[in-house]
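I have a structure here, written as structure tokens, and I will follow up with some questions on it.
Quick note: residue numbers are just sequence positions, from 1.
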Amino acid sequence: MYLTMMKAKIHRARVTEANLNYVGSITIDQDIIEDVGILPHEKVQIVNNNNGARLETYVIAGERGSGVVCLNGAAARLVQPDDVIIIVSYAMLSQDELADFKPKIALMDENNQVKQIIEEEPPLTPVTN
């Protein structure tokens with residue numbers, strides 16, 4: 001059996017731009033996505049803390065060190081610049097993989113700089129017979 005687990009989270013990022021005319025996706029500073037292990041073109045869930053909107057899209061790497069977090073295309077209708085969002089990626093893991101699995105969570109400051117990376121404890125301890 002495989003379980004869908006949180007792989008990475010960018011917690012409390014600020015939207016810097018909403019670009020309705022772009023093809024689609026979310027553009028995120030490449031330094032930030034590398035810090036948590038999210039890849040370009042990876043599927044992510046976006047949760048808007050300001051209005052409760054939830055959506056799924058994929059990541060485009062933005063300029064390093066820019067702090068950019070830009071929702072593009074139709075997703076731009078669900079955010080405003082300065083909204084606070086949570087960006088989550090998930091992975092399918094087998095029971096065996098859970099013992100060593102640790103998600104990465106980036107806690108962001110108000111300027112979209114990583115304040116701290118947290119690696120949580122494994123979510124499940126395997127039962128030995």
| message | Tell me whether Val47 shares a hydrophobic cluster with Ile26, the cluster being built from Ile, Leu, Val, Met, Phe, Trp, Tyr side chains joined at under 4.5 Å. | response | no
| message | Asn72 vs Asn19, test: side chain to side chain contact (heavy atoms under 4.5 Å, CB included). Steps then yes/no. | response | CA-CA 5 Å; Asn72 301 304; Asn19 185 344; 3.6 Å; yes
| query | With sequence neighbours left out, what residues match Thr16 under side-chain hydrogen bond (donor to acceptor under 3.5 Å, both in side chains)? | reply |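 Expected list: none.
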| Transitively linked via ILVMFWY side-chain contacts under 4.5 Å: Ile46 with Met108? | yes
| request: Determine, using the 4.5 Å side-chain heavy-atom cutoff (strictly less than), whether Val114 and Ile10 are members of one ILVMFWY cluster. | output: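 In one cluster: yes.
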| Is it the case that more than 12 heavy atoms not belonging to Glu63 sit under 6.0 Å from its CD atom? |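 Check fails, neighbour count at 12 or below.
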| field | Least distance between heavy atoms, Leu71 atom then Val15 atom | value | CD2-CG2, 4.2 Å
| task | Return each pair, listed once, that meets salt bridge (Lys or Arg N to Asp or Glu O under 4.0 Å) where at least one residue sits in residues 11-33; pairs must be two or more places apart or across chains. | result |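 Those involving residues 11-33 are Asp31-Arg64.
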| query | Taking it one step at a time, do Leu20 and Arg77 satisfy side chain to side chain contact (heavy atoms under 4.5 Å, CB included)? | reply | CA-CA 7 Å; Leu20 184 60; Arg77 294 201 182 274; 3.4 Å; yes
| Minimal non-hydrogen separation, His41 against Tyr58, with atom names |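 Taking His41 first and Tyr58 second, the nearest heavy atoms are O-CB, 3.8 Å.
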| task | Determine whether Leu78 and Val59 fall in the same hydrophobic cluster, where Ile, Leu, Val, Met, Phe, Trp and Tyr are linked whenever their side-chain heavy atoms lie under 4.5 Å apart. | result |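 Same hydrophobic cluster.
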| task | For Ser89, check side-chain hydrogen bond (donor to acceptor under 3.5 Å, both in side chains) against everything at least two apart and list the hits. | result | Glu42
| task | Please name the pair of heavy atoms, one in Asn51 and one in Asp83, separated by the smallest distance, quoted to 0.1 Å. | result | ND2-OD2, 4.5 Å
| task | Determine, using the 4.5 Å side-chain heavy-atom cutoff (strictly less than), whether Met6 and Leu39 are members of one ILVMFWY cluster. | result | no
| remark: Closest non-hydrogen atoms of Phe101 and Lys7, given as atom of the first, atom of the second and distance, are CZ-CA, 3.8 Å
| Do any N or O atoms from the side chain of Asn48 and from the backbone of Ala53 form a donor-acceptor pair under 3.5 angstrom? |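 Not confirmed, Asn48 side chain does not pair with Ala53 backbone.
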| task | Please report the closest heavy-atom contact between Ser94 and Tyr2, naming both atoms and the distance. | result |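 Residues Ser94 and Tyr2, closest heavy atoms: N-CD2, 3.5 Å.
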| So, for Ala75 and Leu55, which heavy atoms are closest and what is the spacing to 0.1 Å? |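 The answer is CB-CD1, 3.7 Å.
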